[in-house]
Amino acid sequence: RVTDDCDNVGTSALVNFKVDNTPPTARVDAPTAGQCTRRQVSITFTVADNLPSPLKRCELLIDGNIAQTLAPCPQGTRTVGPFALTDGPHTVQVRATDDCDNVETSAIVEFKVDDTPPTVDVTAPTGGCIPTPVTIRFTVADNLPGSVTARVYINDVLRDTFDGLPQGSHSAGPYALGQGTYTFRVECVDACGNVGRDQESATVDTTAPSCTLLTPEGCQRSPVTATWTASDNCSGFRWLLTLIPEGGSPGVAASGTDL
């Protein structure tokens, strides 16, 4: 307001302004530290300020680079995305700037993305006829470091669960099984819930083969030819021909496999 020598008074237009030396607050709500997510990642964050007006801008930083900017940026909680990220470790932050250019950057949140299931290979049994009890052998590998949870099924019935199993070769069992054909399946789940599986089938054989000696019989001249019949519920077996001289000890005359 200005007054001259003749007491004329002039008053300027009213100018509104504000003083603000307080930076806004910013935090990342999701994903959380150490969380494992799939490749399409949505980010939830919260920003607030000491004054009620919207912030000048909010910047979302993924792996240190600006992935999205909101300008103006209303105070409160919101979710943005999804963002397509590669498998592996990542970081996320939110940087908030108010109208007075006070800036606050949230703490770094480290998380990882994994959309790839583990690789599982059942290495035994792998078909054919097998004896009981049965030991299941398998290997597991994943695209990222870390352990898995392994589940072992026999004919779709869960028989064992192994938590915190390191990647590599493992075995489960032995399992006492009766005569019959079985499916052996191993499923491995990684930290992100990706499931890898493999299975093999085999026949458990608890039935002895039948064998009938046909010749020689009675009185024979040397050399002697032995003939016999044999059968089994599974293909292929080992045979052993034992010679027992009268008054003597048994001895192996011949043997073979896959008759």
Side-chain angles (χ1 to χ4, degrees), residues 28 30-44 61-65 67 79-93 108-206 234-236 258:
V28 175
T32 56
Q35 182 179 345
C36 190
T37 68
R38 299 300 177 90
R39 289 180 184 173
Q40 297 293 325
V41 181
S42 294
I43 309 295
T44 300
L61 292 82
I62 297 179
D63 297 332
N65 301 310
T79 299
V80 295
F83 302 94
L85 303 179
T86 58
D87 282 8
H90 296 275
T91 63
V92 61
Q93 289 176 282
I108 294 177
V109 173
E110 297 180 346
F111 65 99
K112 66 179 179 179
V113 172
D114 184 7
D115 225 21
T116 304
T119 300
V120 183
D121 181 23
V122 175
T123 57
T126 56
C129 288
I130 57 175
T132 189
V134 179
T135 296
I136 301 173
R137 305 186 188 280
F138 62 96
T139 62
V140 58
D142 199 22
N143 62 315
L144 296 177
S147 60
V148 300
T149 294
R151 297 191 288 256
V152 177
Y153 296 84
I154 300 178
N155 283 355
D156 295 326
V157 176
L158 179 64
R159 298 298 297 268
D160 264 318
T161 299
F162 303 94
D163 294 319
L165 201 66
Q167 300 179 44
S169 299
H170 304 280
S171 63
Y175 305 100
L177 303 175
Q179 180 81 32
T181 299
Y182 294 86
T183 298
F184 305 95
R185 185 173 81 252
V186 177
E187 294 182 351
C188 291
V189 186
D190 65 18
C192 270
N194 300 299
V195 182
R197 57 179 59 87
D198 188 37
Q199 69 180 36
E200 292 285 349
S201 296
T203 299
V204 172
D205 182 14
T206 61
C234 280
S235 61
D258 296 328

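- Taken to the nearest 0.5 Å, the CG atom of Asn143 stands 8.5 Å off from the OG1 atom of Thr119.
- Looking at heavy atoms from C-beta onward, Val134 lies in side-chain contact with Pro125 at the 4.5 angstrom threshold.
- Nearest heavy-atom pair, Cys188 versus Pro118, reported as atom, atom and distance to 0.1 Å: O-CG, 3.6 Å.
- Judged by distance alone, with hydrogens and angles left aside, the side-chain atoms of Ser42 form no donor-acceptor pair with the main-chain N or O of Gly81 at under 3.5 Å.
- Annotation: side chain of Ile130 is in contact with side chain of Phe184 (closest heavy-atom distance under 4.5 Å).
- Contact of the Val195 side chain with the Pro117 side chain is not registered, since no non-hydrogen atoms from C-beta on lie closer than 4.5 Å.
- A side-chain donor-acceptor contact under 3.5 Å links Asn194 to the backbone of Asp114.
- Applying the 6.0 Å contact sphere to CD of Glu110 captures no more than 12 heavy atoms from other residues, nucleotides or ligands.
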Exercise. May I have the step-by-step check of side-chain hydrogen bond (donor to acceptor under 3.5 Å, both in side chains) for Ser201 and Thr183, ending in yes or no?
Key: CA-CA 4 Å; Ser201 296; Thr183 298; 3.2 Å; yes
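- Listed for the Thr135 side chain is no donor-acceptor partner under 3.5 Å among the backbone atoms of Gly173.
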Practice problem: Let me see the working for Thr126 and Glu200 under side-chain hydrogen bond (donor to acceptor under 3.5 Å, both in side chains), right down to the final yes or no. | Solution: CA-CA 6 Å; Thr126 56; Glu200 292 285 349; 5.7 Å; no
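- A search for side-chain contact (heavy atoms from CB on, under 4.5 Å) contacts involving Asp163 returns Thr149, Thr161, not counting sequence neighbours.
- Shown here for Gln40 and Ala84, the closest heavy-atom pair between the two residues is NE2-CB, 3.6 Å.
- Residues meeting the salt bridge (Lys or Arg N to Asp or Glu O under 4.0 Å) test with Asp87, sequence neighbours left out: Arg39.
- Under a 3.5 Å cut-off, the side chain of Gln167 and the backbone N or O of Leu144 do form a donor-acceptor pair.
- Note that the CG atom of Asp121 and the CG atom of Asp198 stand 5.5 Å from one another [nearest 0.5 Å].
- Distance alone, capped at 3.5 Å, places no donor-acceptor pair between the Gln93 side chain and the Leu61 backbone.
- Taking every heavy atom of both residues into account, Val120 and Gly196 meet most closely at CG2-O, 3.4 Å.
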Practice problem: Kindly indicate, with the supporting measurements, whether the criterion side-chain contact (heavy atoms from CB on, under 4.5 Å) is fulfilled by Glu187 and Arg185. | Solution: CA-CA 7 Å; Glu187 294 182 351; Arg185 185 173 81 252; 3.2 Å; yes
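- The two residues Gly64 and Thr91 come nearest to each other via the heavy atoms N-OG1, 4.1 Å.
- Atom CZ of Arg159 sits about 8.5 Å away from atom CD1 of Ile136, to the nearest 0.5 Å.
- For the pair Ile154/Tyr175, a side-chain contact is recorded, criterion being any heavy-atom separation below 4.5 Å from C-beta on.
- Interatomic distance, Asp160 CG to Tyr153 OH, rounded to the nearest 0.5 Å: 11.5 Å.
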Self-check item: Worked check of side-chain contact (heavy atoms from CB on, under 4.5 Å) between Leu85 and Phe111
Solution: CA-CA 11 Å; Leu85 303 179; Phe111 65 99; 3.9 Å; yes
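- Remark: side-chain polar atoms of Gln179 are paired, donor with acceptor, to backbone N or O of Val204 under 3.5 angstrom.
- A donor-acceptor pair is defined here as one N or O able to donate and one able to accept, closer than 3.5 Å; such a pair exists between the side chain of Asp190 and the backbone of Cys192.
- In plain terms, the two heavy atoms of Thr206 and Leu177 that are nearest each other are CG2-O, 4.2 Å.
- Annotation for Thr79 and Thr44: closest pair OG1-OG1, 2.7 Å, computed over non-hydrogen atoms.
- Here the CZ atom belonging to Phe138 is positioned 9.0 Å from the OG atom belonging to Ser169, to the nearest 0.5 angstrom.
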